[in-house]
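So the structure is just underneath, and the comments pick up after that.
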Amino acid sequence: MGNFVCMTKKETKEKGHGSRSKRVGRSQRKLLAEEELLHRQALSMALQQHQFSQRFEGSMSRRIGGSTSSRRRNLDDPLSNSKQAPNILENIQFKKIVLIHGEGFGAWCWYKTIAQLEEVGLQPTALDLTGSGIDLTDTNNVTTLADYSKPLIDYLENLPEDEKVMLVGHSSGGACISYALEHFPQKISKAVYLCATMVSNGQRPFDVFAEELGSAERFMQESQFLIYGNGKDKPPTGFMFEKQQMKGLYFNQSPTKDVALAMVSMRPTPLGPIMEKLSLSPEKYGTGRRFYIQTLDDRALSPDVQEKLVRENPPEGVFKIKGSDHCPFFSKPQSLHKMLVEILQIP
């Protein structure tokens, strides 16, 4: 006869509890390992995209003319057949698109958009704003919108006189393309504001977020997200939300892997540029062709606020993406791609 161990009822319960604890422990360790692997993959992806973005500098584009009536589109379906797009784009002269990220992001956030636009024969360029992405500038030293926008301004300055580009600005990056419209209207064919700060003359980019974050004065006094790069006795120099806060505000519909990529790649946002009032003239900024893409499940910049921006500073056309959070390049990349192609084709 083999060994037989008789246990009391209490001993049986304790052993069962121990087995469950071991199972739970193994499950937790597995989840942690998977999460760690996901983060390593995301970091690797971020580094690859940082390198990838550098080769887009220097592409050229041509002029597209004409005008179009104001329109509103509601697009949430993917591009049905991307192989047909090159035929559609044959007669387009301007094929160059410059992608400008929003607060905390970098050129890396456009990796899906870059690949999709290239597939249909377009020439996308994703830039790191000063102190963003892999730009090594200390964000605490970026104090003006001119400083922050310098990579875009340098890019436009080096563009040949007979060429134009379409700018796409995400979130606070909208202020950068407004700044560019004021200084280089002759080099910009269209400006696309992607759930962005499309401000009016004399308005601060921060004012657009005021309904979500409170007044600028209150934010400067009370926010726990502020960074004091020059010491607590000096004015704040930047801000960065905590990870859980960012997930709730920006990524409520984005895939887990893209959220992981963002968590290891996002950097603090310089405060000075978003607190600066823009000076926009009807002779320069006012002559630009502006389009707005609204994101309808956005918690960082609510649909109501986006609608208010459109009413107060009407663009030439308005497009809407259903089911998109504040980062449609993650949550609805196909719909975003389709809209950019359509806007590019507007004569």
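The first residue in the sequence is number 1, and the count goes up from there. Small disclaimer: the values here were computed from a predicted structure and weren't measured.
With values rounded to the nearest 0.5 angstrom, Q203 atom CD is found 9.5 Å from L280 atom CG. Atom-to-atom distance recorded for E118:CD and I97:CD1 is 11.0 Å, nearest 0.5 angstrom. If you take CZ on F206 and CD on E276, they are separated by 15.0 Å, rounding to the nearest 0.5 Å.
If you check the side chains of D325 and S254, you find a donor sitting under 3.5 Å from an acceptor. T295 and Q306 share a side-chain donor-acceptor pair at under 3.5 Å. Using modelled atom types and a 3.5 Å distance limit, the side chains of E103 and Y148 yield no donor-acceptor pair. For the residue pair S324 and Q253, no side-chain donor N or O sits within less than 3.5 Å of a side-chain acceptor on the partner.
Between F225 and F239, the gap from one ring centroid to the other reaches at least 6.0 Å.
Inter-residue side-chain proximity for K112 and Q334 is flagged as unmet; no heavy-atom pair is nearer than 4.5 Å. Looking only at side-chain heavy atoms (C-beta outward), M339 and V192 stay at 4.5 Å or farther from each other.
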(message) Between V98 and L167, is the side chain to side chain contact (heavy atoms under 4.5 Å, CB included) condition met? List the steps.
(response) CA-CA 5 Å; V98 179; L167 299 184; 3.6 Å; yes

(request) Go through D135 and T137 one step at a time and tell me if the side-chain hydrogen bond (donor to acceptor under 3.5 Å, both in side chains) criterion holds. (result) CA-CA 6 Å; D135 184 281; T137 305; 2.6 Å; yes

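By the 30° and 60° cut-offs, the orientation of the rings of F105 relative to H170 is perpendicular.
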